[in-house]
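Notes follow the structure.
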Amino acid sequence: MPRKKEAAIQPKVGFVSLGCPKALVDSEQILTRLRAEGYDIVPDYEGADLVVVNTCGFIDAAVAESLDAIGEALTENGRVIVTGCLGAKEDVVLAAHPQVLAVTGPHATEQVMQEVHRHLPKPHDPFEDLVPPQGIKLTPRHYAYLKISEGCNHRCTFCIIPSMRGDLVSRPISDVMREAENLVAAGVKELLVVSQDTSAYGVDVKYRTGFWGGKPVKTRLLELAKALGELGIWVRLHYVYPYPSVDDLIPLMAEGKILPYLDVPFQHASPRILRLMKRPASAENVLARVRAWRAVCPELTIRSTFITGFPGETEADFEKLLQFLEEAQLDRVGAFAYSPVEGAAANQLPDPVPEALREERRQRLMELQEDISTQRLERKIGREIEVLIEEVDEEGAIARSQADAPEIDGLVHIPDGEHLEVGEFARVRVTDCDVHDLYAEAIEA
Ligand code: SF4
């Protein structure tokens, strides 16, 4: 597509962001840099001088979605720079779409900016104050993802993220805290801490001491959680593995410093399958750990994900997984039938499980979990809880409780909440529930 004449005055970039919260943070960093340099971000292909597509390459369905998105951007605009996880497989992108301007990998803000400069020169005299201190956020104003590290030191056999994103690199704690403070100052009410392995924060820098608020603070999850807990907002931890060190976080949750919520991707419960998966902390006695956490913090919500039909999974392994779910009584569970990701070591394992059986086991797992989740929610009926308001219209309000992460967990429906304000906290009384959601009535302040 020929570049528009006004590009020399204010070049315009379109942006498509696919993938997980970590990719979303990458998108926000690129958008922040673009705005800082004076580029205009436009919401449609037509008005853009070029389009950046941030892709996902985690499973085959995500690869297909990313290739479709690149194709659409090429058809609608014609000038496309590809970045993100699928960008790590340049050959796949170029085989499908040889006409793209450039391909960069994940977490590659600098390379994306270089390519943007090459194909759409940056305007003169950019004003630094075009960008608010908190950067450009793609999430609603009241919550934001806070990425604390990049890459991963583990080598789970079903995952190709380390080959795309490299080993763990932790951000300095002073940078993380500065970003958190800027976000809070900009009105953010909830920070969602994300990374590939949140419990490993600081391992790569040997828990180096940094500074925040004039005080020395170690680059370690416990110290980070304590510091974030001082900001007076909701702090939610994602992608935490059940290492013994996580035990130290639970008292902070019981004291209300950070949310009583842990997103722990267990993936399986059969020790044999966990070994085949090469999962971190797979040797830990997870059930005992979950019980100990709940003894310290009874309000704790545990979310997890599981894979069914991993190569070599027998009916007995799967039964162990179901038994674990019965005993662990997790609050929120997502399950995926095993999907052989191209390049993953697990594809070489013997005894693959037929696709239909992988899916059948996923459905059996979810049926069991639906009963457990419903029973966990029923215990909240009659209680008064704090919620964060997400949407309001004439039919009432929709909110999230401390037990609900955005996008992945449930919601709280408040039919008489039309007077409530989006982005504000409110107190409600729970009146009913279904499998995932709560229903509640507003409590007048
Ligand atoms: S912990 Fe495992 S699944 Fe998670 S990013 Fe690292 S290698 Fe992949």
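Please read all numbers here as calculations on a predicted model, not as lab measurements. Indexing begins at 1, ligand by ligand and atom by atom, following the structure's order.
- Classification of the Phe310-Phe158 ring pair by plane angle, with boundaries at 30° and 60°, yields perpendicular.
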Return all side-chain donor-acceptor pairs below 3.5 angstrom for residues 87-105, not counting sequence neighbours, or 'none' if the list is empty.
from: His97; atom 1: NE2; to: Leu67; atom 2: O; distance (Å): 2.9
from: Thr104; atom 1: OG1; to: Thr83; atom 2: OG1; distance (Å): 2.8

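- Nearest non-hydrogen protein atom to atom 3 (S) of ligand 1 is Arg279 NH1, 3.5 Å.
- For Glu342, the CD atom counts as loosely surrounded, since its 6.0 Å shell holds 12 or fewer non-hydrogen atoms of other residues, nucleotides or ligands.
- Ordered by chain and number, Cys152 SG make up the set of protein N, O or S atoms under 2.8 Å of atom 6 (Fe) of ligand 1.
- Checked against a 6.0 Å centroid threshold, the rings of Tyr241 and Phe266 do not count as neighbours.
- Taking the ring axis of Tyr143 as reference, the NZ or CZ atom of Arg400 stays within 45° of it and closer than 6.0 Å to the ring centre.
- Relative to the ring axis of Tyr338, Arg358 does not place its NZ or CZ within 45° and under 6.0 Å from the centre.
- Under 4.0 angstrom from ligand 1, the non-hydrogen atoms of Tyr241 all belong to its side chain.
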Query - Test log, rule side-chain hydrogen bond (donor to acceptor under 3.5 Å, both in side chains), inputs Asp409 and Tyr261 - result: CA-CA 11 Å; Asp409 292 330; Tyr261 181 100; 2.5 Å; yes
